[in-house]
Amino acid sequence: MPRRREPVPFAFVAEADRFRSNVAPPPRERASTGRIAGRCLLGLTIVAALVGSVILGTPALTISHSPTETQQSQVSPGH
């Protein structure tokens, strides 16, 4: 048999919205200089990798309309 869910009284829901805790969370630790430097270095490495991949991949994306020397026929005109 499926269980019937009991309705929640509206007064309880309204009271839950007004509830405030008197316990404050502990203050966050400040990041050390080494941790900040490590994050900056990681960010710079990722940006450099993306820029390098764009620079190295750009020539492969260009379309050349003139044939290169290796694509031209090597047949002599008299034969």
Side-chain angles (χ1 to χ4, degrees):
M1 284 179 57
R3 290 185 181 179
R4 289 180 30 188
R5 296 173 65 182
E6 295 183 15
V8 178
F10 290 109
F12 175 75
V13 175
E15 185 179 324
D17 288 340
R18 285 183 273 138
F19 179 75
R20 298 273 188 227
S21 174
N22 61 353
V23 179
R28 292 181 57 179
E29 290 185 21
R30 294 189 60 125
S32 65
T33 306
R35 187 170 294 250
I36 293 173
R39 289 178 185 170
C40 290
L41 186 60
L42 178 65
L44 288 174
T45 303
I46 292 171
V47 169
L50 291 173
V51 169
S53 65
V54 168
I55 290 172
L56 292 176
T58 302
L61 297 175
T62 58
I63 300 172
S64 63
H65 295 288
S66 62
T68 59
E69 293 180 14
T70 57
Q71 295 175 343
Q72 292 178 353
S73 173
Q74 298 296 326
V75 177
S76 59
H79 293 83

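- Residues Leu50 and Leu42 share a hydrophobic cluster, clusters being chains of Ile/Leu/Val/Met/Phe/Trp/Tyr side chains in contact below 4.5 Å.
- Expressed to the nearest 0.5 Å, how far CG of Leu41 lies from CD1 of Ile46 amounts to 10.0 Å.
- Val51 meets the side-chain contact (heavy atoms from CB on, under 4.5 Å) test with Val47, Ile55; sequence neighbours excluded.
- The nearest pair of heavy atoms linking Leu56 to Pro59 is O-CD, 3.5 Å.
- In this structure, the separation between CD on Glu29 and CZ on Arg35 is 8.5 Å, given to the nearest 0.5 Å.
- A distance of 14.5 Å separates CG in Leu44 from CZ in Arg39, rounded to the nearest 0.5 Å.
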